[in-house]
Amino acid sequence: MAKDDVKQAYKLVGTRVLRPDGLDKVTGRARYGADFAMPGMLYGAVARSPHAHARIVSIDASKALALDGVKAVVTRADLPEGLTGEDWNLQENAMAGEVALYDGHAVAAVAATSALLAKDAARLIEVDYEVLPHVTDVDEAMKPDAPVIRPGAADHTVPDGMPPNVVKYFEFGRGDVEAGFAQADLVRERTYRTEATHQGYIEPQACVGQLGSDGKGEMWVTTQGQWYVRKMCADLLGLGVAQLRVTPSEIGGGFGGKTTVFMEPLSLALSRKAGGRPVKLVMDRAEVLRATGPTASASMDVKIGMKADGTMTAARAEFRMQGGAFPGSPVNEALECAFAPYKLAAVEHIGYDVLANRPKAAAYRAPGAPMGAFAAESLIDEMARELGLDPIELRLLNVVEEGDRSSYGPKFKRIGLREVLEATKVHPNFSVPLGPNQGRGVATGFWFNYNGDTSVSMAIAEDGTAQVAVGTPDIGGGRASIGLMVAETLGVPYEAVRINVVETGALGINEPTHGSRATFATGKAAVLATEQATREMCRRAAADWGIDPDAVEWVEGAAQPAGPNAGKFPPMSIAEIAGNMSNTGGPIAGHWEGVPRGVGASFGTHVADVEVDPETGRVTVLRYLVVQDAGRAIQPDYVEGQYQGGAVQGIGWALNEGYVYGADGRLQNAGFLDYRIPVASDLPMIDTVIVEVPNPGHPFGVRGVGETGITPPLPAIANAVAAATGVRLADLPMNPPRVLAAIRSRMDD
Amino acid sequence: MIEVNLWSGLRHVTGGATVVEVEGATVGAVLDALVAAHPGLAPFIEAGVSVAVDGEIITGDRFAEVPDGAEVFLMQRLKGG
């Protein structure tokens with residue numbers, strides 16, 4: 001799509017229309033995963049391993065089955081054998097086979113006539129374990145004497161001689177990094193660590209599954225991707241994919257953690273064993289934290305060379321990440337994003353995906369990028385301070401622009417990092433004077449954004465209103481943004497368009513709402529589908545007027561002659577055409593299926609001001625600024641909300657959140673009292689600036705905004721704490737005991 | 001001819017090369033030609049890759065056009081949250 005094709009003036013796009021889900025949510029009418037119920041429904045519960053690593057010697061469910069009201073118990077023996085690759089990983093994670101691989105790993109599940117009875121029955125399932133040595137730390141897991149979690153799990157990427165828990169190996173880069181370091185006036189190398197954090201969605205996993213002996217089933221589930229749930233459940237249970245129908249509920253947050261399955265296949269397995277009665281499974285918070293995907297923990301070495309003026313001459317990153325007892329930590333993405341904001345002639349990346357006795361990592365908002373940014377941006381900030389350079393000017397000196405080669409290889413298309421940095425520099429927050437024990441931190445982050453399999457269908461109703469069926473659940477404003485784009489294209493009021501998130505039987509396959517793709521990909525597909533419908537309406541007007549369809553154009557909600565030579569006819573409105581469609585050829589609709597091209601990457605820069613209490617080590621965020629390139633903000637309220645949400649999750653990751661494992665390998669903080677996410681009283685208002693450098697690959701210039709916002713906060717906060725205290729913390733979270741210890745160690749020096 | 005830039009971790013299956021010249025007018029043809037030239041690349045490509053053509057990262061479309069002389073990078077497949 002040429003740049004000239006990106007529209008510039010709009011009636012609706014860019015306006016702050018009402019949320020289409022607002023009334024349902026404030027009245028409690030919205031139906032989330034746990035709200036669904038059916039006649040004859042059973043309730044499920046899951047028995048989980050209390051050990052980090054243990055061989056399952058035997059499972060005895062006789063006491064559970066003896067309870068009146070218990071209808072079924074399933075173990076791994078009830079699931080098909082012979083799966084390979086990621087299907088096997090998902091099945092093994094849903095229900096342990098021979099070995100429980102982490103604290104909280106499912107070993108059996110039960111269905112009963114009440115939730116209480118199901119929980120009681122799960123406690124009566126007797127499992128005989130042979131406890132095995134465990135390892136939960138990524139660096140420990142790479143040592144030669146570490147317990148081997150899954151012998152032979154390494155794939156084709158791992159060279160001979162690597163430690164047995166390394167299951168994937170990554171290496172990419174360009175140029176001569178040693179020569180680059182030799183050209184530098186300052187070279188620094190540091191090691192950083194981040195702890196695993198959870199996506200922290202408020203709504204726990206919940207589903208109702210029903211599966212008959214005929215192999216036909218249904219599921220109602222909270223998910224970011226109903227087609228992914230369908231495919232994964234079908235594969236794990238040996239079903240025909242199209243025989244399973246999956247309907248997504250309203251969703252109470254996902255952040256990547258609901259792009260996969262955990263206990264969902266078990267509800268179907270229980271239903272099948274219970275004669276086809278539907279089975280409801282709802283996790284409690286402890287189960288969510290113990291057994292659904294957090295992100296990885298990381299240990300990262302970074303080395304950077306810099307000229308005295310701040311020009312970066314070379315960079316090197318070596319990252320180690322554990323993503324639980326299965327392959328899939330986002331180490332590759334972390335490496336690709338770490339140096340993406342900077343022009344580099346020489347850069348080297350090395351990564352290790354490592355197994356440990358922890359739950360299987362799931363995607364978490366810009367997977368890997370926050371960790372990579374923490375390591376790279378912390379060191380850049382340290383070097384800027386050492387050289388006496390302004391953090392924004394240093395970044396502007398090295399900034400990537402259109403045509404520059406990215407650190408991960410390809411050249412950038414049109415991007416807006418320079419515009420973001422310029423907007424940051426002039427924001428009032430950047431010049432607020434700071435007091436004692438206060439510090440300011442700046443950091444930049446990057447995310448690719450994404451397209452993926454997309455299918456959309458829209459139809460014109462009899463009164464000229466429109467309905468649009470989309471496959472991407474609305475976790476961040478998709479219904480509003482897609483509704484605005486369709487209304488803009490049709491030339492009708494926003495209120496005349498209804499966006500329906502539909503079940504798997506209604507459309508071709510769709511990838512989940514992930515990769516910041518919904519407003520870009522589903523939105524572009526919806527616009528193209530709408531244009532198909534407007535072409536059909538032009539054709540019908542042309543037939544009525546007796547002129548060539550090519551001589552009719554769609555303008556502001558009506559068909560009209562394209563010029564004076566086409567004939568003189570009054571515009572035929574969408575309401576007129578729709579009201580008469582049953583007499584002019586029947587339904588009018590449009591659809592689009594494919595992988596939309598033209599993804600636009602995005603950058604953001606954050607500025608954090610903090611105050612550190614030298615007596616307690618507590619960090620208070622005084623003010624916080626997010627500046628990010630949206631391409632085009634279709635509904636600015638939601639865009640600002642995404643920016644603020646990303647910042648807040650990152651602030652929590654930086655300051656308090658983190659998995660704590662005991663010496664026994666058990667998770668010590670499986671609840672929101674001890675796993676502390678930020679609440680409103682912990683935070684200032686998050687200030688936002690929407691920069692709009694339109695993406696030429698989208699009809700309205702959209703890039704995608706969901707993920708970039710979580711990439712800079714970890715280093716922005718760390719850099720602010722370093723400025724406030726004079727001591728740099730390289731391990732997250734920077735909770736009060738750690739900050740206090742760092743301050744005292746500086747005083748001891 | 002198309003110059004395909006590989007990630008350096010693939011050197012051990014390409015005889016040390018990180019840039020490979022192949023013929024191919026589509027993403028699929030380029031990938032097939034890469035495997036024909038260096039069979040050791042097969043498991044990497046089968047595991048899922050993205051292909052950047054003149055700066056655009058293309059995933060899941062073997063029929064996407066690769067213009068002659070395009071700059072092509074092989075990348076490991078991305079995932080998002």
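Scope of the values below: all heavy atoms of this structure, side chains included, with no hydrogens, waters or symmetry mates. Just so it is clear: chains get the letters A, B, ... in the order the sequence lines come, proteins before strands, and each one is counted from 1.
- If you take CD on B/Gln76 and CD on A/Glu336, they are separated by 7.5 Å, rounding to the nearest 0.5 Å.
- Ranked by heavy-atom pairs shorter than 4.5 Å toward chain B, the options A/Gly600, A/Gly598, A/Gly409 are led by A/Gly409.
- In this structure, OG in B/Ser8 is found 7.0 Å from CD in A/Glu348, a value given to the nearest 0.5 Å.
- B/Phe73 has its side chain within reach of A/Arg405: a pair of non-hydrogen atoms, C-beta onward, lies under 4.5 Å apart.
- Around CD of A/Glu401, the count of heavy atoms belonging to other residues, nucleotides or ligands within 6.0 Å exceeds 12.
- Scanning both residues, A/Pro410 and B/Ala52, for their nearest heavy atoms gives CG-CB, 3.3 Å.
- Of the inter-residue distances, the one linking A/Asn332 atom CG with B/Arg77 atom CZ reads 13.0 Å to the nearest 0.5 angstrom.
- Note: A/Lys413 NZ to B/Asp54 CG = 6.0 Å, rounded to the nearest 0.5 Å.
- The shortest side-chain heavy-atom distance between B/Trp7 and A/Glu171 does not fall under the 4.5 Å cut-off.
- Residue contact with chain B, scored on non-hydrogen atoms closer than 4.5 Å, is absent for A/Phe412.
- At a threshold of 4.5 Å between non-hydrogen side-chain atoms, the residues B/Thr59 and A/Tyr450 count as touching.
- To the nearest 0.5 Å, atoms NE2 (A/His156) and CG (B/Leu41) are separated by 10.0 Å.
- For B/Glu56, the parts sitting under 4.5 Å from any heavy atom of chain A are the backbone and the side chain alike.
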Check against side-chain contact (heavy atoms from CB on, under 4.5 Å), A/Arg597 and B/Ile58 = CA-CA 8 Å; A/Arg597 297 278 297 271; B/Ile58 295 170; 3.5 Å; yes
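- Each of A/Ile350, A/Thr157, A/Asp155 has some count of heavy-atom pairs under 4.5 Å with chain B, and the biggest count is that of A/Thr157.
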